[in-house]
Amino acid sequence: MTGSIVQGSCCWAQMRNGNKHVGEKLRMKGLPAISYWDRAELTTLATSERPWMDFNPLRSEPHAVQALQHQWANLRFIRYALNGADDVCKFQKWRGCTEDHRSITMGRPGFTKQVIDGARRQRTA
C-alpha cells in the first residue's frame with residue numbers, strides 16, 4: 001500500500017464496497033449509481049486534509065493490514081470494520097464483535113437504535 005502515513009498511533013486505510021452492493025442500495029432509493037473509482041476519488045478528496053487517512057486500493061482488508069504491518073513492523077495495527085447501521089442490522093454484525101474484531105457503526109435513520117439494542121443484548125456495547 002502506498003501513500004499511507006503514520007501519525008502518532010493512528011493510520012486509516014479505507015476500503016469501499018463494490019459497485020454491485022452500492023448500486024443496488026442507490027437504485028432502491030431511486031438514485032444513480034456512483035462507480036467504485038468515483039467513490040474512491042470522493043473519499044480521497046474528503047480526507048485530503050487528513051494525511052493519516054488513505055484509500056486502500058487493495059480491496060482486501062487482511063491484505064491491507066498485512067501490507068501495513070510489513071511496511072512498519074515495529075508498530076501494532078488494530079483493524080476496525082466501518083459499516084452503516086443498516087448493514088449492521090441486516091447481518092447482525094454486532095454478533096462478531098470481540099476484542100480482536102472491532103467495529104465502528106455509522107448511525108442511519110431507523111437503524112441506529114436497533115444496532116445499540118443488538119449490541120447491548122450481545123454485550124458488545
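This is a predicted model, so every value here is computed, not measured.
Nearest heavy atom pair, residue Ile34 against residue Arg39, reads O-NE, 3.0 Å. What you find for Asp87 and Asn83 is that their closest heavy atoms are OD2-OD1, 3.3 Å. In this structure, Trp94 and Arg121 approach most closely via the heavy-atom pair CZ2-NH2, 4.3 Å. Ala33 and Gly23 get closest at one heavy-atom pair: CB-CA, 4.2 Å. Contact detail for Pro32 and Leu26: the closest heavy-atom pair is O-CD1, 3.4 Å.
Residues Val115 and Cys89 meet the side-chain proximity criterion, which asks for heavy atoms closer than 4.5 Å. Counting only heavy atoms from C-beta outward, the side chains of Lys25 and Asp86 approach each other to under 4.5 Å.
Taking hydrophobic clusters as Ile, Leu, Val, Met, Phe, Trp and Tyr residues chained together by side-chain heavy-atom distances below 4.5 Å, Leu42 shares a cluster with Leu31.
More than 12 heavy atoms of other residues, nucleotides or ligands sit less than 6.0 Å from atom CD of Glu24. Within a 6.0 Å sphere centred on CZ of Arg50, heavy atoms belonging to other residues, nucleotides or ligands number 12 at most.
With sequence neighbours excluded, the residues satisfying side-chain hydrogen bond (donor to acceptor under 3.5 Å, both in side chains) with Ser35 are Asp38.
In this structure, His101 NE2 and Lys93 NZ are separated by 13.5 Å, a value rounded to the nearest 0.5 Å.
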